[in-house]
Amino acid sequence: MKKYLAIAIAALFILPGCENHKAELESSNHQNDSLVRVLTERDSTINDFLASYTEIQVNLDSVARRGSSINQNLDNAGVELKTTTKQRINDNIIAINQMMNDNRQKVAELTRKLRNSNSKNNKLQKMIESLNSQMAQKDMELVALNDKLAALNANVAQLQISVDTLTTQTTAQSQTIADQTASLHTAYYTIGKSKELQEMKVLDKTGGLLGVGKTSKLHADYDNSKFTKIDYTQVTVIDINSEAKIITTHPSDSYTLNRDGMNKDKITTLEITNPEKFWSASKYLVIVKD
């Protein structure tokens, strides 16, 4: 009887231990399954990426061969293209346009997938950048080829699809460059009496003792709408017509204060002689009228 009782008591201690071990084992298996799933998905994504990358490279090689074939046909055609030659050129151009369009879609899809992926892969990003560079170079070659066709009056218009795409891209890039340049050359100025500029939170007076000896400076929370926005490469003379002083910091050898012939204290204009240097310290100019 004592023997059976001892076995029963031992089981009470062993069974919970078994249950805990079983739970730990199931948790470990679940974590392993999750890890395997993540690795499998990552490998699948990379494999898909490499497959698309290879397809794009194959297309680009084919585009190069077909472009070379068109050039040879044009060089051998003389002044006028024969019907059969023109047909071969048309067939090649149609194929080129299709492959280039496929490539653009694939690159866009690869870019989207990489952007949406949880991990950042610099090598894959550089591969996409390389593809974009190769595509841009190929488009430039197609532009030259299209010009060659146009010079022969070959009546082959299919290539214009690729050229239109390039033109759109070039226009967008030019606009971006223009916007960036305009932003670099943007500056702001305002002129007014001290009290007015303080009320507009353009000017901030600090320091001094009992209201004496305070210095004026640009307010930390200034509002651009209170300033006049300019392209400083175009605006180099600012009318003042008052006794005034410049509050913001600008190199003294980059501008000239032109004064009234009858009243030397009156400043007629601020003439900026070196715009790049003048606006290098601050893109904001604050002038206080007395």
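No experiment lies behind these values; they were computed from the predicted model shown.
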Trace of the side-chain contact (heavy atoms from CB on, under 4.5 Å) decision for Val288 with Ser194: CA-CA 6 Å; Val288 176; Ser194 179; 3.9 Å; yes
Glu129 versus Ser133, side-chain donor and acceptor atoms under 3.5 Å: no
Separation between CD of Gln57 and OG of Ser130, rounded to the nearest 0.5 Å: 6.5 Å
Worked check of side-chain contact (heavy atoms from CB on, under 4.5 Å) between Tyr189 and Ile230: CA-CA 8 Å; Tyr189 79 89; Ile230 62 169; 3.8 Å; yes
Closest heavy-atom pair and its distance - Pro275, Thr236: CG-CG2, 4.0 Å
Flag for Gln105-Asn101: side-chain donor and acceptor within less than 3.5 Å: no
Residue from Asn258, Ile246, Thr268, Ile191 passing side chain to side chain contact (heavy atoms under 4.5 Å, CB included) with Ile240: Ile191
Mutual orientation of the aromatic rings belonging to Tyr284 and Tyr222 [parallel < 30°, tilted 30-60°, perpendicular > 60°]: tilted
Ion pair check, Glu196 and Lys193, cut-off under 4.0 Å: no
Aromatic ring pairing Tyr232/Trp279, orientation class (parallel under 30°, perpendicular over 60°, tilted between): parallel
Flag side-chain contact, heavy atom, 4.5 Å: Asn224 against Tyr188: yes
Contact check, side chains of Lys266 and Asn241, non-hydrogen atoms, under 4.5 Å: yes
Interatomic spacing from CG in Asp265 to CG in Asp290 - rounded to 0.5 Å: 9.0 Å
Smallest separation among heavy atoms of Thr249 and Ala281, with atom names: O-CB, 3.5 Å
Same apolar cluster: Ile238 and Leu257, side chain cutoff 4.5 Å: yes
Side-chain heavy-atom pair Glu276, Ser280 within 4.5 angstrom cut-off: no
Heavy-atom check, side chain of Val235 versus side chain of Ile272, under 4.5 Å: no
Any donor-acceptor N/O pair, Thr273 side chain to Ser254 backbone, under 3.5 Å: yes
Trace of the side-chain contact (heavy atoms from CB on, under 4.5 Å) decision for Lys138 with Val63: CA-CA 8 Å; Lys138 193 57 61 181; Val63 167; 3.6 Å; yes
Residue pair Glu243 / Asn263: nearest heavy atoms and the distance that separates them: OE2-ND2, 4.3 Å
Ionic contact status for Glu55 with Lys106, cut-off 4.0 Å: yes
Rounded distance (nearest 0.5 Å) linking atom CG of Leu110 with atom CD of Gln125: 10.5 Å
From Ser52 atom OG to Asp102 atom CG, the distance as rounded to the nearest 0.5 Å: 11.5 Å
Heavy-atom pair with the smallest gap, counting every atom of Phe278 and His250: O-ND1, 2.9 Å
Step-by-step salt bridge (charged side-chain N to carboxylate O under 4.0 Å, His left out) determination, Arg104 to Asp139: CA-CA 11 Å; Arg104 292 185 186 95; Asp139 275 333; 2.8 Å; yes
Beyond-backbone contact of Ile247 with Leu218, side-chain heavy atoms, under 4.5 angstrom: no
Donor-acceptor pair between Asp91 and Gln87 side chains, under 3.5 angstrom: yes
Spacing of Ile96 atom CD1 and Asn59 atom CG [to the nearest 0.5 Å]: 11.5 Å
Beyond-backbone contact of Gln198 with Asp204, side-chain heavy atoms, under 4.5 angstrom: no
Flag, side chain of Asn274 to backbone of Lys277, donor-acceptor distance under 3.5 Å: yes
Hydrophobic cluster identity match, Phe227 and Val237, side-chain contacts under 4.5 Å: no
Any Met100 side-chain heavy atom under 4.5 Å of Leu142 side chain: yes
Flag side-chain contact, heavy atom, 4.5 Å: Leu270 against Tyr255: yes
Nearest-0.5 Å distance that lies between atom CD1 in Ile70 and atom CG in Asn92: 5.0 Å
Pair Thr190-Ile287, side-chain contact (heavy atoms from CB on, under 4.5 Å): steps then yes or no: CA-CA 6 Å; Thr190 187; Ile287 300 175; over 6 Å; no
Ion pair Asp61/Arg66, N-O distance below 4.0 Å: no
Hphob cluster co-occupancy, Leu50 + Val107, side-chain heavy atoms under 4.5 angstrom: yes
